[in-house]
Amino acid sequence: MQPEWTEEAIQRITTENTTLKRRVRQLTTDSRTLDERLKAARSNLRLQDRRVADLEARFAGVGPTSSVADPESAAAGEKRGP
């Protein structure tokens with residue numbers, strides 16, 4: 001024995017279903033946007049990590065632009081006469 005659905009109940013469920021479908025679409029769009037932003041942030045972080053590593057290497061005198069490899073830096077660090 002099943003109760004029959006009233007027109008009002010059908011309308012309420014249909015409206016709720018439409019609302020939920022709209023919400024799913026919005027959340028899917030938001031998720032994609034956030035995923036793209038996360039990927040961009042990770043890419044920027046990798047770039048910054050490389051820059052920091054390059055700077056650390058330069059300060060340690062190991063990098064390609066260290067004072068040993070750069071004659072101008074070496075010349076600037078030389079002592080000058082009185």
Within this structure, what is the [atom1]-[atom2] distance for the pair [X] and [Y], rounded to the nearest 0.5 Å?
X: E16; Y: T19; atom1: CD; atom2: OG1; result: 7.5 Å
X: T18; Y: R23; atom1: OG1; atom2: CZ; result: 15.5 Å
X: E7; Y: T14; atom1: CD; atom2: OG1; result: 8.5 Å
X: L38; Y: L45; atom1: CG; atom2: CG; result: 10.5 Å
X: D35; Y: D30; atom1: CG; atom2: CG; result: 12.5 Å
X: T29; Y: L34; atom1: OG1; atom2: CG; result: 11.0 Å

- Is there a donor in the side chain of N44 and an acceptor in the side chain of Q48, or the other way round, less than 3.5 Å apart?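 There is no such pair (donor and acceptor under 3.5 Å, judged by atom type) between the side chains of N44 and Q48.
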- Do you reckon L27 sits in the same ILVMFWY cluster as V24, going by side-chain contacts under 4.5 Å, direct or chained? no
- Are R50 and D54 close enough for a salt bridge, meaning some N to O gap below 4.0 Å?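 Answer for the salt bridge query: no.
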